[in-house]
Amino acid sequence: MSYVSRSLMPGETVVEQVHLHWIIFFKSIAILFVAIALFLYGHAPHDPSLEKLLKVIAGIFLVAAILSGIINLIEYWTTEIAVTNRRVILKKGLIWRKSKEIILPQVESILVDQDIPGRILGYSSIQVVGSGGTIERFHFIANPMAFRDAVHAEIMRVQFR
């Protein structure tokens with residue numbers, strides 16, 4: 001059971017939930033490709049000592065790619081961002097958990113920072129600013145505009161009902 005579903009109050013429903021974008025795995029995949037390239041280049045006819053060195057370096061890159069991928073996977077699985085009919089819930093972390101729940105009337109703004117690759121691939125950073133200047137920033141969020149629109153719609157619904 002997710003953090004968001006466990007923390008819902010009676011009568012509260014999830015309006016929109018977004019996740020991290022797959023782009024967070026890009027660095028791990030790039031390191032893996034470097035490891036594969038070094039390993040394949042190490043099999044080309046060279047000096048035997050160079051071949052051994054390239055294989056060792058390829059192994060180091062492979063371990064780095066695996067560790068980076070595991071860290072990214074844990075981050076992907078443990079980050080939850082949701083809008084309910086009463087509040088915005090932001091949570092990240094597995095062992096060291098950080099969560100923020102902002103009641104909708106206390107949300108001052110939602111900032112979306114989307115660069116060109118983010119526009120093309122559909123991800124961006126979002127920043128939720130609450131009353132009193134509390135700021136929560138999340139990077140590489142998939143479908144950020146749907147999240148922003150859901151927050152705005154729910155704020156309008158709460159304020160004008």
Trainee: Is S99 close to Y3 at the side-chain level, that is, under 4.5 Å between some pair of heavy atoms?
Mentor: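 In short, these two side chains touch, coming nearer than 4.5 Å.
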Trainee: Quick one: do L90 and V4 end up in the same hydrophobic cluster if we chain Ile, Leu, Val, Met, Phe, Trp and Tyr together by side-chain heavy atoms under 4.5 Å apart?
Mentor: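 Each belongs to a different hydrophobic cluster.
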Trainee: Do you reckon W22 sits in the same ILVMFWY cluster as F33, going by side-chain contacts under 4.5 Å, direct or chained?
Mentor: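 Yes, W22 connects to F33 through the hydrophobic network.
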Trainee: Mind checking the CG-CG spacing from N143 to D149? Nearest 0.5 Å is all I need.
Mentor: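 Here the rounded value is 9.0 Å.
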Trainee: Could you tell me whether F39 and F61 have their ring centroids closer than 6.0 angstrom?
Mentor: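 They do not qualify: ring centres at least 6.0 Å apart.
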Trainee: To check you understand the geometry: which heavy-atom pair defines the closest contact between I126 and P144, and what is its length?
Mentor: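 Closest pair (atom of I126, atom of P144, distance): CG2-CB, 3.8 Å.
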Trainee: Is it the case that the side chain of N72 and the backbone of F25 share a donor-acceptor pair, with hydrogens and angles ignored and the cut-off at 3.5 Å?
Mentor: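 No, the answer is negative, given that no donor and acceptor are paired below the 3.5 Å cut-off.
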Trainee: I'd like to know if the side chain of E80 and the backbone of K91 have a donor-acceptor N/O pair within less than 3.5 Å.
Mentor: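 Between the backbone of K91 and the side chain of E80 there is no qualifying donor-acceptor contact (under 3.5 Å).
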Trainee: Taking side chain as C-beta onward, heavy atoms only, is Q17 less than 4.5 Å from V14?
Mentor: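 Yes - at least one pair of side-chain heavy atoms lies under 4.5 Å apart.
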Trainee: Short question: side chain of E12, backbone of M9 - any donor-acceptor pair under 3.5 Å?
Mentor: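 A pair under 3.5 Å: yes.
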Trainee: Consider only side-chain N and O atoms of E108 and S131, and report whether a donor and an acceptor are under 3.5 Å apart.
Mentor: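 Checked: E108/S131 side chains show no N/O donor-acceptor pair below 3.5 Å.
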Trainee: Can you see whether S124 engages D113 through a side-chain donor-acceptor pair at a distance of less than 3.5 angstrom?
Mentor: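 The criterion, which ignores hydrogens and geometry beyond distance, is not satisfied for D113 and S124.
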Trainee: Can you get from I60 to L40 by hopping between Ile, Leu, Val, Met, Phe, Trp and Tyr side chains that sit under 4.5 Å apart?
Mentor: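 Cluster IDs for I60 and L40 differ.
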Trainee: If you round to the nearest 0.5 Å, how far is CD of E154 from OG1 of T13?
Mentor: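 With rounding to 0.5 Å, OG1 (T13) is 7.5 Å from CD (E154).
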Trainee: To the nearest 0.5 Å, tell me how far T78 OG1 sits from K92 NZ.
Mentor: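 If we round to the nearest 0.5 Å, T78:OG1 and K92:NZ are 10.0 Å apart.
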Trainee: Examine I155 and M145 and state if one hydrophobic cluster contains both, with Ile, Leu, Val, Met, Phe, Trp and Tyr joined whenever side-chain heavy atoms are less than 4.5 Å apart.
Mentor: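 Linked within one cluster.
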Trainee: What I'd like to find out is whether the side chain of V88 reaches to under 4.5 Å of the side chain of F147, using heavy atoms alone.
Mentor: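 Yes - at least one pair of side-chain heavy atoms lies under 4.5 Å apart.
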Trainee: Quick one: does H21's side chain get under 4.5 Å of I141's, heavy atoms only?
Mentor: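 Contact flag for H21/I141 side chains = no.
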Trainee: Taking all atoms of both residues into account, what is the closest heavy-atom pair of S68 and S28, and its distance?
Mentor: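 Answer, listing the atom of S68 first, then S28: OG-OG, 2.7 Å.
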Trainee: Enter the distance from L94:CG to I74:CD1 here, rounded to the nearest 0.5 Å.
Mentor: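 L94 atom CG to I74 atom CD1 measures 6.0 Å (nearest 0.5 Å).
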Trainee: Distance from I89 atom CD1 to I81 atom CD1, nearest 0.5 Å?
Mentor: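 It is 11.5 Å, given to the nearest 0.5 Å.
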Trainee: How long is the span from the NZ atom in K55 to the CG atom in L62, to the nearest 0.5 Å?
Mentor: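 One finds 14.0 Å between NZ of K55 and CG of L62.
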Trainee: In plain terms, say whether E136 and K98 are close enough for a salt bridge, that is, a side-chain N and a carboxylate O under 4.0 Å apart.
Mentor: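 Yes.
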